[in-house]
Amino acid sequence: MDQFEHHSDTNEEWHMDHAEAEQVLEDIAFYRTLIVNVIFLGKEGSENWVLVDCGIGHYCKRIMEAAEKRYGSQPPKAIILTHGHFDHVGSAKKLAEQWDVPIYVHPMEMDYVTGKRDYPVGDATVGGGLFSLLSPFFPTHQADLSKYIYPIPQDGSLPFLEDWRIIHTPGHTPGHISLFRDKDHALIAGDAIITVKQESSMAVIIQHQHIHGPPAYFTHNWKEAEKSVQKLASLNPSVAITGHGLPMEGELLAKQLNELASHFKELAIPKHKRKNH
Ligand SMILES: [Zn+2]
Ligand SMILES: [Zn+2]
């Protein structure tokens with residue numbers, strides 16, 4: 001998306017000095033690339049850390065700088081993608097190149113990140129503001145990550161992350177995953193749920209927190225998206241770090257996530273939308 005790239009280019013210098021991850025738990029931190037979060041899993045100074053998602057394009061340097069502040073020159077063991085949308089993989093190729101590390105994605109997402117298949121074009125008819133209107137112009141064809149990409153093993157275990165397990169949360173995309181840790185119920189949700197109404201440009205700018213369904217303009221299967229939200233609610237997460245918006249925790253998270261799970265049709269599915277592909 002030209003506008004985003006242009007915007008991030010002009011910001012590149014400004015933010016260079018303060019690309020710094022914000023810590024959520026001792027071993028979880030996030031860094032926002034304009035509108036999308038990347039997540040650092042691993043304690044500060046750890047040699048065994050992993051990056052989840054890679055943000056929009058042109059953020060490679062800043063993500064590396066935030067990583068360096070947290071982990072020194074130690075590159076991550078791997079990159080894991082919650083899904084392949086352009087705003088989550090924009091800097092993936094460069095990061096994998098620079099760090100020389102593998103990228104893991106759900107087997108059902110493989111085709112979309114290796115240039116074999118394109119996502120459906122964004123649905124401008126979902127309403128709700130600028131991002132929806134612009135969404136048909138968002139890239140649906142990704143950079144080809146074939147050189148670095150590996151499917152996540154069938155048993156759902158993540159290489160280099162023994163405490164975490166993969167939860168397949170399709171709907172927003174076919175191979176969308178979330179990461180869940182049983183010992184403290186920490187959840188990395190990608191775009192299965194988000195804490196900012198992504199269709200509203202105002203809400204995106206001020207980052208007002210509220211649990212929402214996945215970004216509507218890109219969600220291709222609402223039935224699966226609903227099941228995925230119910231799956232996540234049943235896990236009873238204590239803290240959620242989502243693809244868009246600020247992290248949420250505790251009672252407020254539980255209340256809003258359960259509300260969304262039981263009233264998904266009214267709360268998340270746009271009144272007007274295209275027929276599913
Ligand atoms: Zn997405
Ligand atoms: Zn997203």
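When a ligand or atom number is given, it counts from 1 through the structure's own listing order. For the numbers below, each heavy atom of this structure counts, side chains included, while hydrogens, waters and symmetry mates do not. What you see is a predicted model, and the numbers here were worked out from it, not measured in a lab.
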At a threshold of 2.8 Å, where the distance has to be below it, does the Zn ion (ligand 1) have an N, O or S atom of [X] nearby?
X: His85; value: yes
X: His83; value: yes
X: Asp191; value: yes

| said: If we check side-chain hydrogen bond (donor to acceptor under 3.5 Å, both in side chains) with His83, which of these qualifies: Asp191, Asp53, Thr169? | reply: Asp191
Atom [atom1] of [X]: over 12 foreign heavy atoms under 6.0 Å:
X: Asp100; atom1: CG; result: no
X: Gln230; atom1: CD; result: yes
X: Lys231; atom1: NZ; result: yes

| said: Can you tell me if, anywhere in His244, an N/O/S atom lies at a distance from the Zn ion (ligand 2) that is smaller than 2.8 Å? | reply: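 Of the N, O and S atoms in His244, at least one lies under 2.8 Å from the Zn ion (ligand 2), which means yes.
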